[in-house]
Amino acid sequence: MTDTTDNTATVPPTTPAAEERLTLRKSAKLRHRTLVGNLFDKGKSVYSGPLRLTFHALSDEELANSFRGAVPDLIAPVQVMITVPKKKRRHAVDRVLMRRRIREAFRLQWRPLRRLIEQNPEIRTLSVAIVYMSKENAPMEVIYPALGRGLEKLIKKL
């Protein structure tokens, strides 16, 4: 016996909010030594649960002065670095697990921060370092709200 019903689903109309993808591209990774150095030298911190968020906003002029030549391509409005210290989590599998959980929570919650930076003409890029401070693995149910509270505090300080 064969099924002759039409199994095609109707596609809902696309909206601008639906078209925006929840991705973190390579340009969102904080990887330039000068920017990381400036972040920890001149940055401010907020604490939220097992996480510490250190951030530093750079204008166009500050960004240009951070490099000898021209500013490298692919510097996003928000650049993030996630760190799980070896002193806190001795095993590499634990550090990788926590980095993945933090990255996923950030990926799902970073859009309001990006919009704020894009709307503010004084800030060219925002460097953010997320440091995991606990000695035990935290479940996603702890990481997600803690990161959300931390991002809200960060937005208020900007």
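- Side-chain atoms of Asn38 and Ser66 include a donor-acceptor pair closer than 3.5 Å.
- Considering only residues two or more places apart in sequence or on other chains, Ser48 meets the side-chain hydrogen bond (donor to acceptor under 3.5 Å, both in side chains) condition with none of them.
- Note on Ile155: it clusters hydrophobically with Phe106, by side-chain heavy-atom contacts below 4.5 Å among ILVMFWY residues.
- Atom CD of residue Glu62 and atom OG1 of residue Thr125 lie 11.0 Å apart, to the nearest 0.5 angstrom.
- Counting heavy-atom neighbours within 6.0 Å of Lys29 NZ, excluding the residue itself, gives a total of 12 or less.
- By the criterion of side-chain heavy atoms lying less than 4.5 angstrom apart, applied directly or through intervening Ile, Leu, Val, Met, Phe, Trp or Tyr residues, Ile82 is not grouped with Tyr47; the two fall into different hydrophobic clusters.
- Nearest heavy atoms, Ala57 versus Leu158: CB-CD2, 4.3 Å.
- Judged by distance alone, the side chain of Arg101 and the main-chain N or O of Ala138 form a donor-acceptor pair under 3.5 Å.
- Heavy-atom minimum distance, Val46 versus Gly150: CG2-O, 3.8 Å.
- Heavy atoms only, all atoms of each residue included: Ile102 and Leu147 are closest at O-CD2, 3.9 Å.
- Within the 3.5 Å criterion, the main-chain N or O of Lys26 finds a donor-acceptor partner in the side chain of Arg31.
- In this structure, the side chain of Arg95 engages the main chain of Arg89 through a donor-acceptor pair within 3.5 Å.
- The distance from atom CD1 of Ile117 to atom CZ of Arg124, rounded to the nearest 0.5 Å, is 11.5 Å.
- Between Arg149 and Glu152, none of the side-chain N atoms (NZ, or NE/NH1/NH2) sits under 4.0 Å from a carboxylate O, so this pair counts as no salt bridge.
- Ile75 CD1 to Leu63 CG: the interatomic distance, rounded to the nearest 0.5 Å, is 5.0 Å.
- In this structure, CD on Glu61 lies 12.5 Å from CD on Glu122, to the nearest 0.5 angstrom.
- Annotation for Thr54 and Ser45: closest pair OG1-OG, 3.0 Å, computed over non-hydrogen atoms.
- Scanning both residues, Gln109 and Leu151, for their nearest heavy atoms gives O-CD1, 3.7 Å.
- Rounded to the nearest 0.5 Å, atoms NZ (Lys42) and NE2 (His56) are 5.5 Å apart.
- Interatomic distance, CD1 of Ile143 versus CG of Leu51, reported as 5.0 Å (0.5 Å rounding).
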What do the steps show when you test Leu24 against Trp110 for side chain to side chain contact (heavy atoms under 4.5 Å, CB included), and what is the final call? CA-CA 9 Å; Leu24 282 174; Trp110 77 301; 3.7 Å; yes
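- No side-chain donor-acceptor contact under 3.5 Å links Ser127 to the backbone of Gln79.
- Closest heavy-atom contact between Tyr132 and Lys88: O-CG, 4.3 Å.
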